[in-house]
Enquirer: 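Please find one structure pasted underneath; my questions will follow.
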Amino acid sequence: RKVEIGLVPFGSFGLTVFGLLLWWHSGGIPDSVTGHSWVEVLGFVHTWAVLIDILGLGIFGGFYIVPLYALIQSRTAENERARVIAANNILNALFMVVSAIVSIVLLSVVKLSIPQLFLVVSLLNIGVNAYIFKIVPEFSMRFMIWLLSHSMYRVEHRNLEAIPDEGAALLVCNHVSFVDALLIGGAVRRPIRFVMYYKIYNLPVLNFIFRTAGAIPIAGRQEDIQIYEKAFTRIAQYLKNGELVCIFPEGKLTADGEMNEFRGGLTRILEETPVPVIPLALQGLWGSFFSRDPNKGFFHRLWSRVTLVAGAAVTVEAAEPAKLQVLVGELRGAVR
């Protein structure tokens with residue numbers, strides 16, 4: 001029930017790489033193989049490399065196009081889905097015709113060879129996708145999340161169906177590491193607006209991801225009153241728009257693996273925009289590279305199992321900081 005659009009940049013990168021390799025390896029095959037049997041063709045230099053390149057184009061083409069088709073279907077209203085898919089098919093057919101015309105011009109007028117045509121298309125693919133990822137940064141953000149959750153951690157989740165498919169809700173979770181938001185965002189099917197300490201928000205590299213995800217930087221009232229007030233204004237606006245907002249009520253990362261006291265900021269949020277509250281808990285992150293464990297190391301707990309657990313929705317009337325802290329603690333259990 002989750003479309004992973006982070007695979008789209010992965011597929012695009014593979015299409016470019018294997019397109020360039022196809023151009024490079026084709027130089028070892030004669031321009032004409034007429035009169036040769038298929039066994040003799042397989043004996044030419046680079047033939048097997050070319051076959052692998054073509055296989056790579058097919059595989060990464062699947063990584064590229066399947067999530068996009070699934071995304072169209074998942075984000076289109078059911079009563080409009082058939083029309084949107086039909087329109088998409090018309091556009092695909094149009095661009096196939098255009099690409100055929102461009103190929104004819106490049107091959108017959110410009111006098112490019114077929115390998116050179118693959119070179120040109122691969123280079124054009126770099127520019128087109130750079131533009132796409134600039135105007136739709138969600139693709140790049142999801143790719144970074146996908147890499148993190150599939151390289152450094154084995155992320156599992158339980159009871160995430162408690163998070164509503166539509167409508168506003170406030171998610172509250174314990175705060176264990178600098179990448180908590182990325183792991184939660186990668187596991188939950190819906191986009192989430194995260195509220196995070198502004199110094200974490202401004203971390204190099206991660207800032208790009210947080211910014212493109214529409215994260216909300218917040219500071220203590222005594223640190224910067226403007227950032228503090230602006231954060232609550234944005235939170236209220238997102239919730240009024242029916243979106244998911246996630247906060248870490250402890251207000252800081254744990255320094256010893258245990259949960260800190262939940263602060264009262266969530267009370268103000270619910271007073272301004274009453275919405276259901278969904279308690280979440282992260283298990284297994286303490287001691288990993290991005291935690292504050294003094295004994296951590298880069299390879300310590302690499303590829304460790306991390307679990308995200310969701311609890312039943314809590315009504316606004318019952319959503320007091322102390323009660324929510326107990327609920328999140330119960331969900332986390334003894335696993336830090």
Enquirer: Does Tyr198 OH have over 12 foreign heavy atoms under 6.0 Å away?
Expert: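 Buried by this count: over 12 neighbours within 6.0 Å.
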Enquirer: Of all the heavy-atom pairs spanning Pro279 and Leu331, show the shortest one and how long it is.
Expert: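 Taking Pro279 first and Leu331 second, the nearest heavy atoms are O-CD1, 3.5 Å.
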Enquirer: Can you see which heavy atom on Leu15 is nearest to which on Phe60, and at what distance?
Expert: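 It is N-CB, 3.9 Å.
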Enquirer: Please indicate whether Ile114 has more than 12 foreign heavy atoms, meaning atoms of other residues, nucleotides or ligands, lying under 6.0 Å from its CD1.
Expert: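 Open.
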Enquirer: If you take all heavy atoms of Ala231 and Ile218, which pair is closest and at what distance?
Expert: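 Nearest heavy atoms, Ala231 then Ile218: CB-CG1, 3.7 Å.
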Enquirer: Please say whether the positively charged group of Arg268, taken as NZ for Lys or CZ for Arg, lies over the ring of Phe232, i.e. under 6.0 angstrom from the six-membered ring centre and within 45 degrees of the axis.
Expert: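 Judged by the rule, Arg268 and Phe232 form a cation-pi pair.
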Enquirer: Any side-chain to backbone donor/acceptor pair from Gln237 onto Arg234? Under 3.5 Å, distance only.
Expert: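 Side chain of Gln237 to backbone of Arg234, a donor-acceptor pair under 3.5 Å: no, none is there.
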Enquirer: Whether the Ser122 and Asn125 side chains hold a donor-acceptor pair (N or O, under 3.5 Å, no angle test) is what I'd like checked.
Expert: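 On atom types as modelled, these side chains do not qualify, holding no pair under 3.5 Å.
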Enquirer: Let's go through Phe210 and Phe194 carefully: what are the C-alpha distance in whole Å and the side-chain angles of both, what is the deciding distance for ring pair (Phe, Tyr, Trp, His ring centres under 6.0 Å) to 0.1 Å, and is it a yes or a no?
Expert: CA-CA 8 Å; Phe210 296 145; Phe194 289 93; 8.1 Å; no
Enquirer: So, taking the atom named OH in Tyr69 and the one named CG in Asn89, what distance separates them when rounded to the nearest 0.5 Å?
Expert: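 Between atom OH of Tyr69 and atom CG of Asn89 there are 5.0 Å.
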Enquirer: Hey, can you tell me if His25 and His46 have their rings parallel, tilted or perpendicular (30° and 60° cut-offs)?
Expert: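 Because their plane-to-plane angle lies in the 30° to 60° range, the rings of His25 and His46 count as tilted.
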Enquirer: Do Ile184 and Val275 share a hydrophobic cluster (ILVMFWY, side-chain heavy atoms under 4.5 Å, transitive)?
Expert: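 Per the 4.5 Å side-chain linkage, Ile184 and Val275 are not co-clustered.
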Enquirer: Any donor and acceptor pair, going by atom type alone, linking the side chain of Arg81 with main-chain N or O of Gln73 inside 3.5 Å?
Expert: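 Answer holds: yes.
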Enquirer: Relative to the ring of His175, is the ring of Phe248 parallel (under 30°), tilted (30 to 60°) or perpendicular (over 60°)?
Expert: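 Rings of Phe248 and His175: parallel, as their planes differ by under 30°.
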Enquirer: Using salt bridge (Lys or Arg N to Asp or Glu O under 4.0 Å), reason through Glu258 and Arg332 one step at a time and then give a plain yes or no.
Expert: CA-CA 10 Å; Glu258 300 300 327; Arg332 192 200 67 166; 3.5 Å; yes
Enquirer: Tell me the closest heavy-atom pair linking Ala168 and Pro276, and the distance in Å.
Expert: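 So the minimum-distance heavy-atom pair works out to O-CD, 3.7 Å.
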Enquirer: Has Glu80 got more than 12 heavy atoms of other residues, nucleotides or ligands less than 6.0 Å from its CD?
Expert: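 Counting neighbours around CD of Glu80, more than 12 heavy atoms of other residues, nucleotides or ligands fall under 6.0 Å, so yes.
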Enquirer: Are Glu250 and Arg263 ion-paired here, with the side-chain N under 4.0 Å from a carboxylate O?
Expert: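 Salt bridge absent between Glu250 and Arg263.
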Enquirer: Over all heavy atoms of both residues, which pair between Gly167 and Leu244 is shortest? Give the atoms and the distance, please.
Expert: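 Heavy-atom minimum between the residues: O-CD2, 4.1 Å.
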Enquirer: Can you give me the closest heavy-atom contact between Phe178 and Leu203, atom names plus distance?
Expert: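 Heavy atoms of Phe178 and Leu203 come nearest at CD2-CD1, 3.8 Å.
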Enquirer: Should the pair Lys252-Glu261 be classified as a salt bridge under the 4.0 Å nitrogen-to-oxygen rule?
Expert: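 Not counted as a salt bridge, because no side-chain N and carboxylate O are separated by less than 4.0 Å.
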Enquirer: Look at the side-chain heavy atoms of Ile, Leu, Val, Met, Phe, Trp and Tyr, link any pair under 4.5 Å apart, and say whether Phe10 and Val66 land in one connected group.
Expert: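 Not linked; separate clusters.
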